[in-house]
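Before any comments, here is the structure.
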Number of protein chains: 2
Amino acid sequence: MSEHPSPAPHSKVDDLANRLFFRLYQSANLMHKSGTKALEDMHITTQQWAVIGALARDGAEDGIAVGELTRFLMVSRQNLTGVLARLERDGLIERVVSPHDSRSRLIRLSSHGRHLWRTDMSDRISAFYEAALEGFSTTDKIHAIHYLDKLLDNMRQLDEGQGES
Amino acid sequence: MSEHPSPAPHSKVDDLANRLFFRLYQSANLMHKSGTKALEDMHITTQQWAVIGALARDGAEDGIAVGELTRFLMVSRQNLTGVLARLERDGLIERVVSPHDSRSRLIRLSSHGRHLWRTDMSDRISAFYEAALEGFSTTDKIHAIHYLDKLLDNMRQLDEGQGES
DNA sequence: GATTTTATGTCAAGTAGTTGTCATTTATTT
DNA sequence: AAATAAATGACAACTACTTGACATAAAATC
């Protein structure tokens, strides 16, 4: 029947899954490259953008603990330490001791960081989003978010299971 | 009318776009973390996985030029050099001079690399895909791929425009 | 044949990500 | 009060990603 008598593969890898994850890999690479380029004259990378964006959310005015940030951004504490050090060096964030728990240093935007986020960064980011999501309807965006959320949920479960060592 | 008389934002950033890119950021981080963990006993990272997967495709048996690989994987030549050096060090790939263009070194899987891909790696990757895409129907996968493709197209255009410096 | 373009390698500096380990401080629990 | 747990900082080692710059070799063009 088959035109290509392939030599009985072990467990044929799902081609659609393969494509999906490869597209995710490519998309993330390109997002970091072109996203960082969109903010390059401010010397802000996509990772710093993610941190500043997290700190600019409503409810984060008084600061967020490092541990909370690592969970939110899904990066390691040691990595975030480096990113935060550079942001502090550049005067965009500041560390304050938590009033409730003096082990915990809360990270919050400096006034300079908040100002930059609200003006120049917002403008560039809006332009970036508009260009990158050209042709996306509102429902397209919602559906895309939904798929990524589902993927995240699954991988989170997988990661917890893998952590049992 | 508005319950929250917000102080006239410069250009209100699209919240859906924001969520979408943040989910992409998180998904990529988690994919690298849990994907690398799925192959950790082979000491293969997701980037190496991507390279090996590219080399294992039909038509790549005779090797792929480095430049072609950088375009395919969307990473820089300098970065790929390092990844390829580690893969060569571990005996998974080999470099051969192109018969057509002796500037060009073609990268191809070693027999060890090909064997590993077809057996252990395939098994782990299939298991990873199955867990990470639990609850995804075939059409879900196709739609998700479609959105990522669209995003990639847009960002590629953006990147080319940004490159005009 | 000489020039230009192309493919690659290499070195450097910077950022970002991982794990692992050890120390410190403080909260919590006993 | 003492032991434990938790949050953080500070290292180290490694992988991976970027850009920029310079060198080399070979192909393509003039």
Side-chain angles (χ1 to χ4, degrees), chain A residues 25-26 28-51 63-71 73-90 95-107 159 162-163 165, chain B residues 25-41 43-51 63-71 73-90 95-107 159 162-163 165:
Chain A
Y25 170 82
Q26 290 180 309
N29 281 349
L30 241 191
M31 174 187 69
H32 286 303
K33 190 188 290 191
S34 58
T36 296
K37 207 173 280 179
L39 297 179
E40 73 178 333
D41 51 337
M42 281 168 264
H43 300 289
I44 287 177
T45 66
T46 45
Q47 287 80 5
Q48 297 177 354
W49 161 3
V51 172
I64 298 180
V66 175
E68 206 176 331
L69 262 182
T70 66
R71 282 187 293 276
L73 300 175
M74 295 186 181
V75 295
S76 68
R77 175 174 56 90
Q78 292 91 329
N79 172 41
L80 194 56
T81 296
V83 180
L84 293 177
R86 282 168 223 118
L87 285 171
E88 196 173 20
R89 179 197 65 193
D90 298 341
R95 290 174 153 88
V96 291
V97 176
S98 168
H100 309 297
D101 184 343
S102 47
R103 274 171 313 187
S104 173
R105 280 128 196 96
L106 299 182
I107 309 294
D159 194 52
Q162 288 172 333
S165 62
Chain B
Y25 170 82
Q26 290 180 310
S27 298
N29 280 350
L30 241 191
M31 175 186 69
H32 286 302
K33 191 189 290 192
S34 60
T36 296
K37 208 172 279 180
L39 296 180
E40 74 178 332
D41 51 336
H43 299 287
I44 287 176
T45 66
T46 45
Q47 286 81 6
Q48 298 176 353
W49 162 1
V51 171
I64 299 180
V66 175
E68 206 175 330
L69 262 183
T70 67
R71 282 185 294 275
L73 300 175
M74 297 187 179
V75 294
S76 69
R77 175 173 56 89
Q78 293 91 327
N79 172 41
L80 195 55
T81 297
V83 180
L84 293 176
R86 282 170 223 117
L87 285 171
E88 195 173 20
R89 178 198 65 192
D90 298 341
R95 289 175 153 88
V96 292
V97 176
S98 168
H100 309 297
D101 183 345
S102 48
R103 274 170 312 184
S104 175
R105 280 128 195 98
L106 300 182
I107 310 294
D159 195 51
Q162 288 170 334
S165 61

(request) Using only side-chain N and O atoms of Arg105(B), determine if any of them is under 4.0 Å from OP1 or OP2 of dA25(D). (result) no
(message) I need the CG-P distance between Leu106(B) and dT6(C), as an integer number of Å.
(response) 19 Å
(request) Mind jotting down which residue pairs meet the salt bridge (Lys or Arg N to Asp or Glu O under 4.0 Å) criterion with at least one end in residues 39-51 of chain A? Sequence neighbours excluded, please. (result) Asp41(A)-Arg124(A)
(request) Let me have a per-nucleotide readout for nucleotides 14-23 of chain C, 5' to 3', with B, S or -, counting only protein heavy atoms under 4.0 Å. (result) -SSBBBBB--
(request) Please report the C-alpha distance between Leu73(B) and Asn29(A) in whole Å, then the side-chain angles of each, then the deciding distance to 0.1 Å, and finally whether the side-chain contact (heavy atoms from CB on, under 4.5 Å) criterion is met. (result) CA-CA 9 Å; Leu73(B) 300 175; Asn29(A) 281 349; 5.6 Å; no
(request) Rounded to the nearest angstrom, tell me the gap between atom CE in Met31(A) and atom C1' in dT18(D). (result) 14 Å
(message) I'd like to check the side chain to side chain donor-acceptor pair (under 3.5 Å) partners of Glu88(B); sequence neighbours left out, ordered by chain and number.
(response) Arg95(B)
(request) Can you tell me the distance, in whole Å, between the CG atom of Leu84(B) and the C1' atom of dT10(C)? (result) 14 Å
(request) Please list, chain by chain and in numerical order, all residues satisfying side chain to side chain donor-acceptor pair (under 3.5 Å) with Thr46(A), sequence neighbours excluded. (result) His32(A)
(message) Suppose we screen for side chain to side chain contact (heavy atoms under 4.5 Å, CB included). Which residues come up paired with Thr45(B), at least two apart in sequence or across chains?
(response) Thr36(B), Gln47(B), Gln48(B)
(request) Applying side chain to side chain contact (heavy atoms under 4.5 Å, CB included), name anything that partners Asn79(B), two or more places apart in sequence or on another chain. (result) Val75(B), Ser76(B), Val83(B)
(message) Expressed as a whole number of angstroms, how long is the span from Leu69(B):CG to dG9(C):P?
(response) 11 Å
